[in-house]
Protein chains: 2
Amino acid sequence: MEKSFSQIKELLISKGLKVTHQRIVIYHMLFNSLDHPTAELLFDKLKINNPSISLGTVYKTLDTFVQTGLAEKVLSETGSYRYDANLNSHHHIYFTDTKEIVDFYDSELQELIITFFKKKSIPNLKIKDFKLQIHGEKVDTAENQIN
Amino acid sequence: MEKSFSQIKELLISKGLKVTHQRIVIYHMLFNSLDHPTAELLFDKLKINNPSISLGTVYKTLDTFVQTGLAEKVLSETGSYRYDANLNSHHHIYFTDTKEIVDFYDSELQELIITFFKKKSIPNLKIKDFKLQIHGEKVDTAENQIN
DNA sequence: TTTAATGCAAAATCTTTGCAAAATT
DNA sequence: AATTTTGCAAAGATTTTGCATTAAA
């Protein structure tokens with residue numbers, strides 16, 4: 001799952017982007033983050049090994065990634081943009097208490113929904129993608145039913 | 001579907017909130033907006049009939065509504081919060097081209113998903129709610145299949 | 001009356017922009 | 001060498017905050 005710098009280079013080239021050190025490390029950090037970080041959070045982590053990197057560059061680069069389809073913005077209620085380089089179709093669990101956003105995927109559920117929309121289409125809409133946001137609370141027990 | 005001012009008063013009282021003119025008109029305007037407006041958009045519309053209303057009050061009031069469960073924030077990619085007073089469980093269609101966010105509800109789909117989660121629960125999660133975001137483009141033809 | 005909400009403006013937060021310097025092709 | 005990207009700081013956009021005034025209970 002981890003991507004090497006040379007794989008990331010290939011990826012950038014394949015999108016017609018210049019290969020810069022900043023793009024490589026930003027992509028690498030984002031791709032290996034499971035927590036859908038904000039630009040600021042990425043910047044803080046990147047600074048440690050790349051002291052000269054600037055927050056503006058992180059913003060610009062993330063925007064470039066979104067434009068070229070290397071990453072997506074994750075809708076968030078926290079007042080800042082969050083990003084995701086996992087482009088496999090997947091859903092998000094929003095933990096209302098901890099504000100974590102965690103990936104979720106289930107092929108059966110996926111099939112269920114796709115089958116539904118194949119059967120019942122929505123007027124004037126060409127569906128490109130759908131995402132389920134599952135909102136809930138962390139519980140330590142096995143008591144995790146839907147209410 | 002439309003709510004009268006006296007119905008809105010009752011609603012505010014039922015939530016333990018003081019009944020102010022601002023709260024009534026903000027709720028009324030939000031409840032009758034189908035487009036999931038931002039605070040600023042509501043403010044602009046409200047100003048016409050309530051010239052002394054302030055943007056800060058709109059923000060504070062919307063926040064109060066969210067806290068008391070009279071409204072919800074709608075996740076958005078546009079850089080500002082959008083709000084919704086339709087609290088019936090429903091989903092959202094995001095038109096990527098026009099940036100519109102339109103409500104969607106289908107009881108069959110609802111059942112499908114609920115049934116799925118009843119059968120297959122997610123570790124450490126107590127599901128409170130789920131929302132499907134359907135992303136797509138406006139089309140004028142009947143060609144609206146999922147791809 | 002007492003308590004809470006409003007309006008206003010200033011502050012805080014988050015993101016974008018402009019441009020010279022640096023890096024990539 | 002030509003072009004794009006970066007870093008920086010300033011500007012822009014959005015939201016929150018503090019506090020005196022006003023309104024509600």
Side-chain angles (χ1 to χ4, degrees), chain A residues 5-6 8-27 29-30 36-44 46-47 49-68 70-83 99, chain B residues 5-6 8-27 29-30 36-44 46-47 49-68 70-83 99:
Chain A
F5 278 18
S6 62
I8 296 171
K9 274 188 198 176
E10 290 311 313
L11 205 54
L12 293 171
I13 291 167
S14 77
K15 295 292 181 179
L17 297 175
K18 286 195 177 174
V19 175
T20 68
H21 184 247
Q22 288 85 340
R23 283 176 176 168
I24 292 172
V25 295
I26 293 169
Y27 184 90
M29 183 68 79
L30 178 61
H36 311 85
T38 61
E40 189 110 32
L41 209 95
L42 284 169
F43 173 66
D44 289 343
L46 288 163
K47 260 191 313 200
N49 291 310
N50 310 269
S52 72
I53 205 166
S54 85
L55 181 56
T57 297
V58 176
Y59 274 105
K60 282 177 195 166
T61 302
L62 289 171
D63 193 54
T64 302
F65 289 171
V66 171
Q67 298 311 319
T68 54
L70 289 174
E72 296 186 340
K73 280 187 181 174
V74 176
L75 305 193
S76 130
E77 275 183 11
T78 57
S80 44
Y81 292 132
R82 297 176 69 159
Y83 295 86
K99 305 286 180 202
Chain B
F5 277 18
S6 61
I8 296 171
K9 274 188 196 177
E10 290 311 312
L11 205 55
L12 293 171
I13 291 166
S14 78
K15 297 291 182 180
L17 297 175
K18 284 194 179 175
V19 176
T20 68
H21 183 247
Q22 288 85 339
R23 284 177 175 168
I24 292 172
V25 295
I26 292 169
Y27 185 89
M29 182 68 78
L30 178 60
H36 310 86
T38 61
E40 188 110 33
L41 210 95
L42 283 169
F43 173 65
D44 289 343
L46 288 163
K47 259 191 315 200
N49 291 311
N50 310 269
S52 72
I53 205 166
S54 86
L55 181 58
T57 297
V58 176
Y59 272 106
K60 283 177 193 164
T61 302
L62 289 171
D63 193 54
T64 302
F65 289 171
V66 171
Q67 299 311 318
T68 54
L70 289 173
E72 298 185 338
K73 279 187 182 172
V74 176
L75 305 195
S76 133
E77 275 183 11
T78 56
S80 44
Y81 291 133
R82 298 176 69 160
Y83 295 86
K99 305 287 179 200

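Just so it is clear, the values below take in all heavy atoms, side chains as well, and ignore hydrogens, waters and symmetry mates. This is a predicted model, so every value here is computed, not measured. Proteins come first, then strands; the chains are lettered A, B, ... in the order of their sequence lines, and each starts at number 1.
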Would you classify A:Ser52 as touching base, sugar-phosphate or nothing, given that sugar-phosphate means primed atoms plus P, OP1 and OP2, and contacts are heavy atoms under 4.0 Å? sugar-phosphate
At 4.0 Å (heavy atoms only), tell me whether B:Thr61 reaches a base, stays on the sugar-phosphate, or touches nothing. sugar-phosphate
Measure from [atom1] on [X] to [atom2] on [N] and round the result to the nearest Å.
| X | N | atom1 | atom2 | value |
| --- | --- | --- | --- | --- |
| A:Leu17 | C:dA23 | CG | C1' | 15 Å |
| B:Ile13 | D:dA24 | CD1 | C1' | 11 Å |
| B:Leu12 | C:dA4 | CG | P | 16 Å |
| B:Arg82 | D:dA13 | CZ | C1' | 16 Å |
| A:Lys15 | D:dT5 | NZ | C1' | 20 Å |
| B:Tyr59 | C:dA5 | OH | C1' | 19 Å |
| B:Ile26 | C:dA5 | CD1 | C1' | 11 Å |
| B:Ile53 | C:dT6 | CD1 | C1' | 9 Å |

Toward the 5' end of DNA chain D, which comes first, A:Gly56 or B:His21, by nearest nucleotide? A:Gly56
Nearest-nucleotide comparison on DNA chain D, the residue closer to the 5′ end among B:Val19 and B:Tyr83: B:Tyr83
For the [atom1] atom of [X] and the [atom2] atom of [Y], what is their distance to the nearest 0.5 Å?
| X | Y | atom1 | atom2 | answer |
| --- | --- | --- | --- | --- |
| A:Leu70 | A:Leu17 | CG | CG | 6.5 Å |
| B:Tyr81 | A:Thr78 | OH | OG1 | 6.5 Å |
| B:Tyr27 | B:Leu11 | OH | CG | 5.0 Å |

Please determine, for the side chain of [X], which listed nucleotide ([options]) has the closest atom?
| X | options | result |
| --- | --- | --- |
| B:Thr20 | C:dT6, C:dT24, C:dA4 | C:dT6 |
| B:Lys18 | D:dG7, C:dT15, C:dT3 | C:dT3 |
| B:Tyr81 | C:dA5, D:dT16, C:dT15 | D:dT16 |
| B:Gln22 | C:dG7, C:dA5, C:dT25 | C:dG7 |
| B:Thr57 | C:dG7, C:dA4, D:dT14 | C:dG7 |

Start at the 5' end of DNA chain C and walk down; is the nucleotide closest to B:Arg23 or to B:Pro51 reached first? B:Arg23
Tell me, yes or no, whether the heavy-atom count around A:Lys73 atom NZ, taken from other residues, nucleotides or ligands under 6.0 Å, exceeds 12. yes
hbond_proxy A:Lys60 side chain to D:dT5 base (donor-acceptor, 3.5 Å cutoff): no
Does a side-chain N-to-carboxylate-O contact under 4.0 Å join B:Asp44 and B:Lys47? yes
